[in-house]
Amino acid sequence: MKKIILGLFLILGAISFAVPKYVNTTKIKSAGYEITTDDVNIFGIGKVTQEAAISVAYYPFGNDTPQSIADAMKATAPADVKFLSTLANNRAYVNKYKDGEVYTYNFVPKKQKSKACHISVLYMTEKNLSGAALNKAVDNTLNEVENFLK
């Protein structure tokens, strides 16, 4: 799991210092997240908890649809990660992957909280989530990361 987390943070790129206007960095830092990427095309944050490693990307592409963002995330997944399924619950489009013992879930909310950006969440855990457990993870994570928007 550490290998995936390290790789994820390296993929997200170098940090600059031009935080977008649509995020509240005070809330981000108080929730235990670290800024991992901050450039024109993406603002990324991440944290590791007992349950999961969470990486969040805020994309300033207001004209794209949530479905197109979810499809783009699916298309850009690393080749060595096994794609398992796509599903949608009442809150988000979810792509499910597996790499060794780690399951990765990509959540893209169906409705944008802010017109300024789209959100994409990578939720990495050793648990194979489905049904109510997956819905709870989606709801809790999206509630938290949408709270960081202004």
Side-chain angles (χ1 to χ4, degrees), residues 1-13 20 22-25 27-38 41-150:
M1 186 155 164
K2 290 178 185 178
K3 177 178 84 173
I4 291 174
I5 295 168
L6 176 62
L8 180 64
F9 289 130
L10 291 175
I11 289 171
L12 290 176
Y22 52 81
V23 295
N24 184 330
T25 56
K27 284 184 179 180
I28 289 170
K29 291 179 181 178
S30 67
Y33 284 85
E34 293 183 29
I35 297 172
T36 58
T37 306
D38 184 5
N41 296 320
I42 187 172
F43 180 76
I45 60 174
K47 80 174 180 178
V48 178
T49 68
Q50 296 261 351
E51 292 288 318
I54 302 168
S55 178
V56 182
Y58 297 92
Y59 299 98
F61 306 126
N63 294 334
D64 289 332
T65 65
Q67 181 67 58
S68 69
I69 298 291
D71 292 343
M73 293 302 293
K74 185 169 127 180
T76 59
D80 60 336
V81 176
K82 183 179 178 186
F83 173 74
L84 299 176
S85 65
T86 297
L87 58 115
N89 65 11
N90 62 343
R91 183 92 187 264
Y93 298 105
V94 180
N95 293 318
K96 182 177 179 179
Y97 307 89
K98 187 172 183 189
D99 183 18
E101 299 297 317
V102 178
Y103 290 91
T104 301
Y105 301 88
N106 173 238
F107 315 146
V108 178
K110 289 182 177 179
K111 294 182 182 178
Q112 300 178 89
K113 182 176 179 183
S114 168
K115 300 252 185 248
C117 71
H118 282 282
I119 298 172
S120 178
V121 176
L122 291 178
Y123 186 91
M124 296 157 281
T125 181
E126 294 177 347
K127 297 177 183 175
N128 184 4
L129 302 175
S130 62
L134 180 58
N135 290 340
K136 182 178 178 183
V138 169
D139 287 339
N140 290 344
T141 305
L142 290 179
N143 286 342
E144 182 176 48
V145 302
E146 286 176 341
N147 188 42
F148 303 147
L149 294 172
K150 291 181 180 176

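A quick note: this is a predicted structure, and the numbers were derived from the prediction, not measured. Numbers for residues simply follow the sequence, beginning at 1.
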### Task
Give, for atom CG of Asp99 and atom CD of Glu101, the distance between the pair rounded to the nearest 0.5 Å.
10.0 Å
## Note on the structure
Contacts of Asn147 meeting side chain to side chain contact (heavy atoms under 4.5 Å, CB included) (sequence neighbours excluded), chain-then-number -> Lys27
## Note on the structure
By salt bridge (Lys or Arg N to Asp or Glu O under 4.0 Å), Asp71 pairs with (sequence neighbours left out) none
#### Entry: Set of residues satisfying ring-ring contact (aromatic ring centres under 6.0 Å, His included) with respect to Tyr22, sequence neighbours excluded
none
#### Entry: Heavy-atom closest pair, residues Pro109 and Leu142
CG-CD2, 3.7 Å
### Task
Under the side chain to side chain contact (heavy atoms under 4.5 Å, CB included) rule, what do Lys29 and Ile35 come out as? Steps first, then yes or no, please.
CA-CA 8 Å; Lys29 291 179 181 178; Ile35 297 172; 4.3 Å; yes
### Task
Return the minimal non-hydrogen interatomic distance between Asn90 and Lys110, and the atom names on each side.
O-CD, 4.1 Å
### Message
With side chain to side chain contact (heavy atoms under 4.5 Å, CB included) as the criterion, how do Val138 and Val94 come out once you've worked through the C-alpha distance, each side chain's angles and the decisive distance to 0.1 Å?
### Response
CA-CA 9 Å; Val138 169; Val94 180; 4.1 Å; yes
### Query
Mind checking what makes ring-ring contact (aromatic ring centres under 6.0 Å, His included) contact with Tyr105, not counting sequence neighbours?
none
### Message
Main chain of Gly44, side chain of Thr36: is a donor-acceptor contact present, judged purely on distance under 3.5 Å?
### Response
yes
## Note on the structure
Separation between CD (Glu144) and CG (Asp139), nearest 0.5 Å, reads 13.0 Å
### Message
Looking at Lys150, I want to see if its NZ is surrounded by more than 12 non-hydrogen atoms of other residues, nucleotides or ligands under 6.0 Å.
### Response
yes
### Task
Please confirm whether the backbone N or O of Gly32 pairs with a side-chain atom of Lys47, one donor and one acceptor, at under 3.5 Å?
no
### Task
First locate atom OG1 of Thr141, then atom CD1 of Ile54, and finally report the distance between them rounded to the nearest 0.5 Å.
4.5 Å
### Pairwise distance CE(Met73) to CG(Leu122) - rounded to 0.5 angstrom
5.0 Å
## Note on the structure
Sequence neighbours excluded, the answer for side chain to side chain contact (heavy atoms under 4.5 Å, CB included) partners of Ser85 is Leu87, Lys96
### Message
Is there a side-chain contact between Leu129 and Tyr123 in this structure, where contact means two heavy atoms from C-beta onward sitting under 4.5 Å apart?
### Response
yes
### Query
Quick one: are Leu149 and Gln112 in side-chain contact, heavy atoms under 4.5 Å?
no
### Query
In Å and rounded to the nearest 0.5 Å, what is the OG1 to CG distance from Thr76 to Asn106?
8.5 Å
### Message
Run Val56 and Phe107 through side chain to side chain contact (heavy atoms under 4.5 Å, CB included) and show every step you take.
### Response
CA-CA 9 Å; Val56 182; Phe107 315 146; over 6 Å; no
## Note on the structure
Residues at least two apart in sequence or cross-chain that pass side chain to side chain contact (heavy atoms under 4.5 Å, CB included) with Ser130, listed by chain then number, are none
### Partners passing side-chain hydrogen bond (donor to acceptor under 3.5 Å, both in side chains) against Asn24 (at least two apart in sequence or in another chain)
none
### Summary
Across all chains, not counting sequence neighbours, the ring-ring contact (aromatic ring centres under 6.0 Å, His included) partners of Tyr103 are none
## Note on the structure
Residue pairs meeting salt bridge (charged side-chain N to carboxylate O under 4.0 Å, His left out), one or both in residues 127-138, sequence neighbours left out, come to Glu51-Lys127
### Task
Taking side chain to side chain contact (heavy atoms under 4.5 Å, CB included) as the test, write out the residues that go with Lys74, two or more places apart.
Phe83, Thr86, Asn95, Tyr97
### Query
Can you name the nearest heavy-atom pair linking Glu146 to Arg91, along with the distance?
OE1-NH2, 2.8 Å
### Task
Examine distances only and state if a side-chain atom of His118 and a backbone atom of Asp64 form a donor-acceptor pair shorter than 3.5 Å.
yes
### Summary
Residues at least two apart in sequence or cross-chain that pass ring-ring contact (aromatic ring centres under 6.0 Å, His included) with Tyr93, listed by chain then number, are none
### Task
Let me see the working for Thr104 and Val81 under side chain to side chain contact (heavy atoms under 4.5 Å, CB included), right down to the final yes or no.
CA-CA 9 Å; Thr104 301; Val81 176; 5.7 Å; no
### Query
What pairs of residues pass the ring pair (Phe, Tyr, Trp, His ring centres under 6.0 Å) test when at least one of them lies in residues 129-150, not counting sequence neighbours?
Tyr33-Phe148
### Task
To the nearest 0.5 Å, tell me how far Tyr58 OH sits from Ile42 CD1.
11.5 Å
